[in-house]
Structure formats: structure tokens, C-alpha cells
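Reckoned from all heavy atoms, side chains included, excluding hydrogens, waters and symmetry mates. Counting convention: from 1, in listed order, for ligands and their atoms alike.
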Amino acid sequence: MRILGIETSCDETAISIIEAAGEFGAGFKYQILGNALISQSDLHAPYGGVFPNLAKREHEKNLVPLLEKALGEAALLKKGSVSLGTLDVVLEREKQLATLLKEFFSTYAKPDIDCIAVTHGPGLEPALWVGINFAKALAAAWNIPLVPVNHMEGHVVLSTMHEDTMAKFKFPLLSLLISGGHTELILSDEWMQYELLGQTRDDAVGEAFDKVARLLDLPYPGGPEISKLASKARQNPSFTSSIKLPRPMIDTDDYDFSFAGLKTAVRRVVESAGALSDTLKTEIACEFENACVEVLVTKTMRAIEEHGVQTILIGGGVSANTHIRNQLAQTIKDYGADTKLLIPPPELATYNALMIALAGYFRAQKKEFAEPAMIRAQGNLKLSN
Ligand code: KG4
């Protein structure tokens, strides 16, 4: 089955085309035919975060060029034309996208694609709507089915694909999903079943990285910047830090997190210091990263122990963080458990459409196609059923 995945939930516009076959497990095979992505993070940097209406406008501009690129890579771009279907109605609020797509439909024939998978949540609703309406217009013009995908499921499915592990990993599976919008521990006793064990009560961990970076005058997105400073400090044998930050909720008897207080603690340190020297920035970055990682690893290990977890995966933008990767791997090793750790390659940790196409394939296998009119952007869509 050939699936075209579309992702527009935040500030990445992405389209991916895969060919996949087989059921979950040893028989499953897939190949990436085309993969195209434009990150808008430089455009949002001056705002210190993602500005929803700017994201919407950029998605409108980027989707058709990315579609052309992905289909080109997949050798599926053939001259011809298709009728516009319901384009003008579906893209009533995306005029710029409608104009670009009309031109595309009058230039290219229907490609050999069986199904379209599109993120319908969670994320920024104005941004999600652009991808959803684009998917509806394509599905109508090409007369193929549409499958809505939960973005968080995309992270889970993608992480299980790495290193040909899919055939080998065992349940229960624990997913630690850490990004700019989420901090969640999710337990799966079987494939595509989810139980939410815990989540953040306020800021997501990536959001805390970004906010602390702003306090330290570091550019957006702040996670990689803080991480760079912190790892440089750790590599310096004479580095010492006099800063001590709290480890919020580390000892609570649940799987919830809280990162807002940590950010406030950093603000107090910065304010009482007066001037922000490079040394102070480095000390704060290192201690802040240590605090976040300690809390995440401690709660994850508790869940592993209490639920007899056989496989643990991390996903989401913050899973690109080297310190969390190393600490989690080391702690699991020290603990002596034979829990398998699945980590996506850093370039796939942040948003992409490959994960949407992959999750869409498994949903399409279950025949979970949706009536286009029923698909809506759901900013707070949950994974647990
Ligand atoms: O999953 P993602 O691409 O999208 C959103 O949820 O928006 O994650 C982006 C988040 C940002 O908050 C960014 O600062 C954080 O992931 N991030 C990192 C690292 N790389 C990205 N945080 C810590 N360390 C990193 N190396």
C-alpha cells in the first residue's frame, strides 16, 4: 500500500510517501519513496515561540511545493490533470493554497497513491486545519481514502521502526513522549493500545527548555542551545556549578511532571545575579538540564519497574537531547533490567511526515478511514483510549 502522509501540527510543514506491506511484527516492511520538509523555526524565532497564524500562512505556502518534491522523489509525478473536485469549497479559508493546488491539479495526473494520512491533532488548530483541508482536497480530486492520525501515535510508531526492531520488541511498551507541547508516559500492553500513566501538569519539558533559553538570552528553539552549553560544561573537567535547582515532583507517588516551577527558579537565579555572564549561563544550562533529565529518568524508571516494562521508547523533539539519551541508557543498564530502549535517530526526533505515513498505514490496515467531512482539527487530541 502506498501512503502519503501530511504533517502541519506545529511549525514544520512535511509530506512523506511510503510503500508499506504486512502486519505489525516480523512481516512488516516499508520503504520511504519521498520525504520533504520545511521547518519554519527561523521565522518564529523572533517571537520566542510558534506564532499560530504565521504557521498557518507558511503551511499554505509550503504544502504544494513539498507535494511536488515528494512525488518527484518517488517518481510519481506525471504530466496530466485531474478535476478540481471540491477544492473551492474545502479550501474556502485557504485561498493561497487553493490557487497553488489548482495549478498543480491542472499540471499533474493522479499519482499512484492508495491512501492519504493526515495529522488531526494534537497541535495548533489553525495549523492543523491547513493540512486537513489540503488532505481533503487531494483525497477528493484523486478519489482515494483518508485516514486521520494522532501525531503522538506517529512518534510511538516511528520509534519502534528504528534498527529493524519492530519484529523483536516485546510488550508492555512504555513511551516517554517529550516535546515542545507534551511530556507524557504512556503504557501499551499491545500494539496501538494506549494507557496514559502520567503527564505534565503545566509546561511541557521542551517548552521549559525554550523559556529558560529565553531567560538566558539564547535563541529559539532553546533546547539545542541549552544542551550545547551543558554538554560543553560536562566535558570540562574543571567545571563546577554553585547553582542548585529543584527536581519538581521527583518523589511524588504518580507519573506526573511539572516544569513551570523550574523555570521560575531559573528566573530568580537570573534576577538575583544582576548581570548574566557566560559562566552563569553555562552553570544554569547544565543544572537545568540535569534537573529535567533527573526527573524524567526517575519517573520513567519507576514506571518500568512497577509495570514490568519490556521495551521503552522515547519520542518527540526533546528526545534528540544527548543527555537524556545517555542517562536513560545508563540507568537502564545499571538497573540490570533487560528492558530494550528504542531511540529514534536525532534527525527524526522532531516533527516529520514519515511518522504520520507509518501510523496511517497501520490505521488504514484496520480500515479506520474517515468520512472527510468528519475530520476536524483537535488541538487537545488524546492518545489513550
Ligand atoms: O517535537 P518537536 O519538534 O515539536 C514541538 O513539540 O513543538 O519538539 C520541539 C521541542 C522544542 O521545545 C525544542 O527546544 C526541543 O524540542 N528540543 C530539545 C532538543 N532539540 C529540540 N530540547 C532539549 N534538547 C535538545 N537537544
Side-chain angles (χ1 to χ4, degrees), residues 7-14 37-45 47-52 54-55 58-59 119 121-125 127-128 150-156 158-159 175-184 199-200 203-216 218-234 257 259-260 262-263 284-297 313-328 343-356 379-381 383:
E7 161 62 36
T8 65
S9 67
C10 195
D11 61 345
E12 269 96 19
T13 324
L37 180 145
I38 294 177
S39 171
Q40 310 167 6
S41 72
D42 286 351
L43 293 172
H44 295 278
Y47 302 95
V50 181
F51 186 47
L54 176 61
E58 289 300 305
H59 289 318
T119 309
L124 302 168
E125 292 196 356
L128 286 163
N150 182 314
H151 177 88
M152 304 312 280
E153 181 164 73
H155 282 302
V156 174
L158 182 71
S159 294
S175 303
L176 172 65
L177 301 181
I178 40 182
S179 70
H182 296 268
T183 309
E184 294 178 358
Q199 61 187 326
T200 184
D203 291 353
V205 63
E207 188 181 351
F209 267 89
D210 295 335
K211 286 178 175 171
V212 165
R214 216 179 319 164
L215 290 172
L216 301 184
L218 297 170
Y220 172 85
E225 300 293 327
I226 290 188
S227 188
K228 257 186 262 166
L229 279 185
S231 46
K232 220 162 88 190
R234 276 186 211 103
F257 302 93
F259 293 101
L262 200 46
K263 170 202 68 197
I284 294 175
C286 192
E287 172 64 3
F288 170 75
E289 188 175 72
N290 284 343
C292 291
V293 169
E294 231 175 280
V295 174
L296 289 168
V297 170
L313 68 80
I314 55 175
V318 185
S319 71
N321 183 282
T322 318
H323 193 50
I324 185 136
R325 290 171 171 239
N326 294 344
Q327 289 302 106
L328 199 55
I343 300 183
E347 68 277 11
L348 290 180
T350 46
Y351 291 7
N352 59 77
L354 173 61
M355 63 186 204
I356 305 307
N380 293 317
L381 186 66
L383 195 50

Next item on the list: Identify, for atom 2 (P) of ligand 1, the protein heavy atom at the shortest distance, and state residue, atom and that distance.
Entry: Tyr351 CE1, 3.2 Å
Note to self: Students often mix this up, so state it plainly: with edges at 30° and 60°, are the rings of Phe51 and Tyr47 parallel, tilted or perpendicular?
What the structure shows: parallel
Next item on the list: Output the distance between atom OG (Ser9) and atom CG (Leu128), rounded to the nearest 0.5 Å.
Entry: 5.5 Å
Checklist line | Nearest-contact summary for atom 8 (O) of ligand 1 - protein heavy atom, Å | finding: Gly317 CA, 3.3 Å
Next item on the list: To the nearest 0.5 Å, tell me how far Tyr220 OH sits from His44 NE2.
Entry: 7.0 Å
Next item on the list: For this output row, return yes or no: ring centroids of Phe288 and Phe209 closer than 6.0 angstrom.
Entry: yes
Next item on the list: Check whether any N or O atom of Asp210, backbone or side chain, sits under 3.5 Å from an N or O atom of ligand 1, and answer yes or no.
Entry: yes
Next item on the list: Kindly confirm or rule out an N or O of Gly180 lying under 3.5 angstrom from an N or O of ligand 1.
Entry: yes
Checklist line | Sub-3.5 Å N/O-N/O distance, Gly206 and ligand 1 | finding: yes
Next item on the list: Around atom 15 (C) of ligand 1, find the nearest protein heavy atom and jot down its residue, atom name and distance.
Entry: Val318 CG2, 3.8 Å
Next item on the list: Give the numbers and elements of all ligand 1 atoms closer than 4.0 Å to a heavy atom of Gly181.
Entry: 6 (O)
Next item on the list: Mind checking side chain to side chain donor-acceptor pair (under 3.5 Å) for Thr119 and listing every partner two or more places apart, or none if nothing turns up?
Entry: Glu7
Item checked: Nearest-contact summary for atom 22 (N) of ligand 1 - protein heavy atom, Å -> Gly223 CA, 3.3 Å
Notebook entry, point to check: For Cys10 and ligand 1, does the shortest N/O to N/O distance drop below 3.5 Å?
Noted result: no
Next item on the list: State the SG-CG distance between Cys286 and Leu229, to the nearest 0.5 angstrom.
Entry: 9.5 Å
Margin query: What I'd like to find out is whether the side chain of Leu328 reaches to under 4.5 Å of the side chain of Ile343, using heavy atoms alone.
Written below: no
Item checked: Contact check: Asn321 vs ligand 1, nitrogen or oxygen atoms, below 3.5 angstrom -> yes
Check: Just heavy atoms, cut-off under 4.0 Å: does Pro224 contact ligand 1 by side chain, backbone, both, or neither?
Finding: both
Margin query: Nearest 0.5 angstrom please: Ile226 CD1 to Glu289 CD, how far?
Written below: 8.0 Å
Next item on the list: Examine Ser179 against ligand 1 and note whether any of their N/O atoms are separated by less than 3.5 Å.
Entry: yes
